[in-house]
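For reference, the structure discussed in these notes is given below.
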Amino acid sequence: MPGTLYLIPNTLGPTDANSGALNALLPTQVQALTSKLDYFVAENAKTARAFLKLIAIDHPLAKPLQEIEIAELNVNTPPAALAQLLAPLLAGRDAGLVSEAGVPAVADPGADLVRLAHQNGIAVRPLVGPSSLLLAVMASGLNGQSFAFNGYLPTDAAQRTKRIVELEKRSRAERQTQLLIETPYRNGAMLDALAASCQPGTLICVATDLSLPTESVRTLTAAKWKAALAANKGPDFHKKPTVFLLLGQ
């Protein structure tokens, strides 16, 4: 009988290595289940080991950390390699799929592995934990009944502006919140583009370092963001993970 593929949420940023520190982010049942696994698929093995070290503070691992098998799955993994990652599960071994941050298989290459698991009759169990996208929608005050995640926009300024205008038009027509992310060192350029390209009344939310002590969430109209940026009163989000949301009015 095949094993189970557990979808294990990770933290959204640095977490204190103290007893109980994870409890505010991950249920103790999730931590306990994670500690019992000895095979993981992760975007980055080093990051996964750091996560397991946090788990081990309150929940001893099934094996010494150096003996736990961690296979990597990231944007460079060829599709042909996915079957090999599932081989231990088909042999009856349980496994954990861990993202770099937040929940796996959402804005994450793990989705392909989950689909293949279903195709092979492997049970998939999603576990509770932080999702930056859902936290951002919750805190934004924008439409939580209808929203879409669009990932990264083009880096070319003209193409990025064109895409923003398209998304704003869609948002206004469908009353749908549009979510975007950017490489953290380009956050400033993204907000500049949103404030300049959107209609004055369009709502824009900037949600940074969600679930972390430095968390910040601000929702303003495009016109007010433009004024804030001109006055050098923009958010403190340089090189910090940020979710951008917009809702056309």
Side-chain angles (χ1 to χ4, degrees), residues 9-18 21-22 24-26 42-54 72-76 98-110 129-142 149-161 163-164 167 177-198 203-220 222 224-246:
N10 201 340
T11 63
L12 294 177
T15 303
D16 291 337
N18 299 322
L22 279 180
L25 302 171
L26 298 176
E43 284 189 73
N44 182 288
K46 182 178 180 180
T47 303
R49 290 190 185 95
F51 173 64
L52 291 175
K53 284 182 180 179
L54 291 175
E72 291 193 343
L73 169 60
N74 49 52
V75 295
N76 298 315
V98 184
S99 179
E100 276 288 276
V103 296
V106 177
D108 176 88
S131 164
S132 61
L133 301 179
L134 288 180
L135 290 172
V137 172
M138 290 164 59
S140 69
L142 306 188
F149 175 59
N150 299 280
Y152 295 92
L153 298 193
T155 56
D156 176 78
Q159 290 298 316
R160 181 175 56 210
T161 296
R163 183 64 174 144
I164 289 172
L167 292 174
T177 301
Q178 303 296 319
L179 284 75
L180 320 165
I181 55 174
E182 183 52 278
T183 303
Y185 69 84
R186 288 202 291 259
N187 283 337
M190 173 60 80
L191 184 54
D192 287 343
L194 287 168
S197 304
C198 290
L203 293 172
I204 299 171
C205 177
V206 178
T208 299
D209 276 352
L210 292 165
S211 80
L212 304 180
T214 51
E215 177 180 278
S216 172
V217 183
R218 291 173 65 187
T219 297
L220 300 171
K224 289 185 178 180
W225 273 121
K226 195 170 184 178
L229 294 172
N232 199 29
K233 294 182 179 180
D236 177 16
F237 62 177
H238 183 56
K239 294 187 177 180
K240 295 181 179 180
T242 297
V243 180
F244 299 88
L245 307 89
L246 69 87

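Reckoned from all heavy atoms, side chains included, excluding hydrogens, waters and symmetry mates.
For residues 234-245, the side-chain hydrogen bond (donor to acceptor under 3.5 Å, both in side chains) pairs, not counting sequence neighbours, are N187-T242, T208-T242, D236-K240.
In terms of heavy atoms, P104 sits closest to V98 at CB-C, 4.5 Å. L229 and A195 make their closest contact through CD1-CB, 4.1 Å (heavy atoms, listed as atom of the first residue, atom of the second, distance). Of all heavy-atom pairs spanning W225 and P235, the tightest one is CZ3-CD, 3.5 Å. The minimum heavy-atom distance between C205 and L142, with the atom names listed, is CB-CD1, 4.4 Å. Taking every heavy atom of both residues into account, P130 and N10 meet most closely at CG-O, 3.5 Å. Here the closest heavy-atom approach between residue T219 and residue S140 is recorded as OG1-O, 2.8 Å.
By the side chain to side chain contact (heavy atoms under 4.5 Å, CB included) test, P154 is found to be paired with Q159, R163, residues two or more places apart in sequence or in another chain being considered. By the side chain to side chain contact (heavy atoms under 4.5 Å, CB included) test, N74 pairs with E72, N76, T77, sequence neighbours left out. Checked against salt bridge (charged side-chain N to carboxylate O under 4.0 Å, His left out), R160 has no partners two or more places apart in sequence or in another chain. Among residues two or more places apart in sequence or in another chain, the side-chain hydrogen bond (donor to acceptor under 3.5 Å, both in side chains) test is passed with E100 by T47. With sequence neighbours excluded, no residue satisfies salt bridge (charged side-chain N to carboxylate O under 4.0 Å, His left out) with R218. For A17, the side chain to side chain contact (heavy atoms under 4.5 Å, CB included) partners are L54, I57, not counting sequence neighbours. L25 is linked by a side chain to side chain contact (heavy atoms under 4.5 Å, CB included) to T11, T15, S211, counting only residues two or more places apart in sequence or in another chain. Residues satisfying the side-chain hydrogen bond (donor to acceptor under 3.5 Å, both in side chains) criterion with T214, sequence neighbours excluded, are D209. Remark: N150 pairs with Q178 by the side-chain hydrogen bond (donor to acceptor under 3.5 Å, both in side chains) rule, at least two apart or across chains.
Considering CE of M190 and CD1 of I164, their distance stands at 5.5 Å, rounded to 0.5 Å. Note: R49 CZ to N44 CG = 9.0 Å, rounded to the nearest 0.5 Å. Distance check, rounded to the nearest 0.5 Å: CG of L194 to CD1 of I204 gives 5.0 Å. To the nearest 0.5 angstrom, F51 atom CZ is 6.5 Å from L22 atom CG.
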Practice task
Would you check, one step at a time, whether the test side-chain contact (heavy atoms from CB on, under 4.5 Å) holds for Y152 with L180?
Solution key: CA-CA 6 Å; Y152 295 92; L180 320 165; over 6 Å; no

Practice task
Please assess L179 against T177 for the test side-chain contact (heavy atoms from CB on, under 4.5 Å), listing each intermediate value before the final yes or no.
Solution key: CA-CA 7 Å; L179 284 75; T177 301; 4.0 Å; yes

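Screening V243, V206, L210 against V217 for a side chain to side chain contact (heavy atoms under 4.5 Å, CB included) leaves a single residue, L210.
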